[in-house]
Engineer: 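A single structure is presented below for examination.
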Number of protein chains: 2
Amino acid sequence: MKHPVAMDTNFKDDGDTPYDTSKPSSFLTYRLSRVQARLNAQAADLLRRHGGVPLAQWRVLLLLYGGDVSSQKEIVGLAQFDKGQVSRLVDTLIERGLISAKSGGKDKRVRTLSLTDDGTAIVERLIPIMRERQRQLLSVFSAEEQTRLMEFISRLDGVADKLDI
Amino acid sequence: MKHPVAMDTNFKDDGDTPYDTSKPSSFLTYRLSRVQARLNAQAADLLRRHGGVPLAQWRVLLLLYGGDVSSQKEIVGLAQFDKGQVSRLVDTLIERGLISAKSGGKDKRVRTLSLTDDGTAIVERLIPIMRERQRQLLSVFSAEEQTRLMEFISRLDGVADKLDI
DNA sequence: CCCAGTAGCTTGACATGTCAACGATTAATG
DNA sequence: CATTAATCGTTGACATGTCAAGCTACTGGG
């Protein structure tokens, strides 16, 4: 990947803490944002180089491939994507012929979604590659550290909703 | 804030690991993405409710207020924003009268940026609010945990560039 | 049955983020 | 000094993400 290495210890802040450059804690949301952006860029690049789809579309395809979901509502519930975004992602995937939608259910508002053969082929081609990426990403953490990291993230997730300002 | 609580332990994956819902580690990038989105939404909402500017613009204003930067290059270097994005953010901030730009330097490509009085007023009004938010966010971590969390993020940051796929 | 409320989805509007091509200027090097 | 290369910035194109208004279909209480 790219990325100029710069600033890992030398930037000012994350947009949330104005001064106070001395305390690493001040950089938390900034650094989260950056590492998140880098991981996304790496995943998107990987998908592009292997002739795949954009990252957001890929995530929808995976959910459908796993058989976990068959409607937009379920995609929204599982992945916590915005419903508007899902609506447009589904449109795009249908246009590209990677998924199909049937409206025959009881509830006429709902379209039942499924992968086409093309969509299935793409997912099955990319899955091993994405699994290998995941393996390499996690290789820098011990099992205990992985657990600890996830627990930290959960805690952040919890506190984000409780801020009383 | 909003957010339907759902799925914190029950979703399939993060778009990077197709199956394997049993291992929390499989959810890492997904959960990072979600917690990051939630923190961003919370910060943006806070800025909006207090009559401020959008989050990205806010971050640029803060960098300028701190006196750390005076050109787009320095913003890109410090904050690791995309230079195209910075170019447009600066345009917007100038249109809104929050910053000003002078082209008088040696390097005729560079504009020297600074906050206007309006820009300074907005930043100084919002800073205490954002500092309180940061304090509350970090209140769920002990000092030792904060250090540990930052170290984890650094490790992720490092490995993201080294993936050989 | 009626109809007010809710649910699933669509759409518009905007903000954010990323990449790549390009223009202008400056720096480096023969 | 003259090219060439690198740097700073702009712009176009597109992907992503978020919010809110509105549409249609379903649902439940009267």
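Lettering follows sequence order; numbering is per chain, from 1.
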Engineer: Less than 4.0 angstrom from a charged side-chain N to a carboxylate O is my criterion; do D45(A) and R48(A) meet it?
Structural biologist: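 Result for this pair is yes, salt bridge flagged.
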
Engineer: To the nearest Å, how far apart are L93(A) CG and dT10(C) P?
Structural biologist: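 Interatomic distance, CG of L93(A) to P of dT10(C): 13 Å.
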
Engineer: Within the structure, does a side-chain N or O atom of R38(B) lie under 4.0 Å from either OP1 or OP2 of dG17(D)?
Structural biologist: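 Result: no.
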
Engineer: Checking all strands, does A44(B) fall into the base, sugar-phosphate, or nothing category for heavy-atom contacts under 4.0 angstrom?
Structural biologist: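 Touches nothing.
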
Engineer: If I take atom CD1 in residue I75(B) and atom P in nucleotide dG17(C), what distance separates them, rounded to the nearest angstrom?
Structural biologist: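 Going from CD1 in I75(B) over to P in dG17(C) covers 14 Å.
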
Engineer: In this structure, how many angstroms lie between the C1' atom of dG17(D) and the CZ atom of F81(A), rounded?
Structural biologist: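 F81(A) atom CZ is separated from dG17(D) atom C1' by 10 Å.
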
Engineer: Could you state the atom-to-atom distance from CG of L47(B) to C1' of dT16(C) in whole Å?
Structural biologist: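 In whole Å, dT16(C) C1' and L47(B) CG are 14 Å from each other.
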
Engineer: One thing to verify: whether R148(A) and E144(B) come together as a salt bridge, which I'm taking to mean a side-chain N less than 4.0 angstrom from a carboxylate O.
Structural biologist: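 Result for this pair is yes, salt bridge flagged.
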
Engineer: Tell me which nucleotide among dT18(C), dC8(D), dC19(D) gets nearest to the side chain of V110(B).
Structural biologist: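 Shortest atom-to-atom distance from the side chain points to dC8(D).
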
Engineer: Charged N to carboxylate O below 4.0 Å: is that the case for D157(A) and R38(B)?
Structural biologist: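 Yes, this pair counts.
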
Engineer: Could you list all the ring-ring contact (aromatic ring centres under 6.0 Å, His included) pairs where at least one residue sits in residues 72-93 of chain A, not counting sequence neighbours?
Structural biologist: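 As it turns out, there is no ring-ring contact (aromatic ring centres under 6.0 Å, His included) pair with a partner in residues 72-93 of chain A once direct neighbours are skipped.
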
Engineer: Report which part of the nucleic acid Q85(A) touches: base, sugar-phosphate, or nothing (heavy-atom distance under 4.0 Å, all strands).
Structural biologist: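 Base contact.
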
Engineer: Distances for protein N/O vs nucleotides 12-15 of chain C N/O pairs under 3.5 angstrom?
Structural biologist:
from	atom 1	to	atom 2	distance (Å)
dG12(C)	N7	R88(A)	NH1	3.0
dG12(C)	N7	R88(A)	NH2	3.4
dG12(C)	O6	R88(A)	NH2	2.5
dA13(C)	N6	R88(A)	NH2	3.2

Engineer: Measure the distance from CD on Q36(A) to C1' on dG17(D) and round it to the nearest whole Å.
Structural biologist: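 Those two atoms, CD and C1', are 12 Å apart.
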
Engineer: Donor-acceptor pair, Y30(A) side chain versus A79(B) backbone, under 3.5 Å?
Structural biologist: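 At least one qualifying donor-acceptor pair exists.
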
Engineer: Would you say Q72(B) reaches dT10(D)'s phosphate, i.e. side-chain N/O to OP1/OP2 under 4.0 Å?
Structural biologist: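 Yes, such a contact exists.
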
Engineer: Could you tell me whether E132(B) and R135(B) make a salt bridge, using a distance below 4.0 angstrom between a side-chain N and a carboxylate O?
Structural biologist: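 Salt bridge present between E132(B) and R135(B).
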
Engineer: In whole Å, what is the span from the CG atom of D45(B) to the P atom of dT18(D)?
Structural biologist: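 Going from CG in D45(B) over to P in dT18(D) covers 13 Å.
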
Engineer: Can you run down the ring-ring contact (aromatic ring centres under 6.0 Å, His included) pairs that involve residues 141-165 of chain A, sequence neighbours left out, and say none if there aren't any?
Structural biologist: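 Output for this query lists F141(A)-F152(B), F152(A)-F141(B).
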
Engineer: Within the structure, does a side-chain N or O atom of R111(B) lie under 4.0 Å from either OP1 or OP2 of dC8(D)?
Structural biologist: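 So the side chain of R111(B) is outside the cut-off, no N or O lying under 4.0 Å from OP1 or OP2 of dC8(D).
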
Engineer: In whole angstrom, what separates L89(B)'s CG from dT10(D)'s C1'?
Structural biologist: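 The answer, rounded to whole Å, is 14 Å.
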
Engineer: Just the rounded figure in Å: distance from P of dC8(D) to CD of E74(B).
Structural biologist: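 Value for this atom pair: 10 Å.
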
Engineer: Quick one: side chain to side chain donor-acceptor pair (under 3.5 Å) partners of Q85(B), sequence neighbours excluded?
Structural biologist: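 Q85(B) satisfies side chain to side chain donor-acceptor pair (under 3.5 Å) with no other residue.
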
Engineer: For a quick check under 3.5 Å, do E124(A) and T120(A) share a side-chain donor-acceptor pair by atom type?
Structural biologist: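 Note: E124(A) and T120(A) side chains miss the donor-acceptor criterion.
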
Engineer: 5'-most contact on DNA chain C: R48(A) or S87(A), nearest heavy atom basis?
Structural biologist: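 Whichever sits nearer the 5' end wins; that is S87(A).
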
Engineer: Going by side-chain contact (heavy atoms from CB on, under 4.5 Å), name the residues that satisfy it together with V76(A), two or more places apart in sequence or in a different chain.
Structural biologist: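 side-chain contact (heavy atoms from CB on, under 4.5 Å) list for V76(A), sorted by chain: K83(A), V86(A).
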
Engineer: Please produce a list of atom pairs where a protein N or O lies less than 3.5 Å from an N or O of nucleotides 21-28 of chain D.
Structural biologist:
from	atom 1	to	atom 2	distance (Å)
dA25(D)	N3	R109(A)	NH1	3.2
dC26(D)	OP1	K106(A)	O	2.8
dC26(D)	OP1	K108(A)	N	2.8

Engineer: Go through dT18(D), dG17(C), dT11(C) for me and flag the one nearest to the A37(B) side chain.
Structural biologist: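 Between dT18(D), dG17(C), dT11(C), the one nearest the side chain of A37(B) would be dT18(D).
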
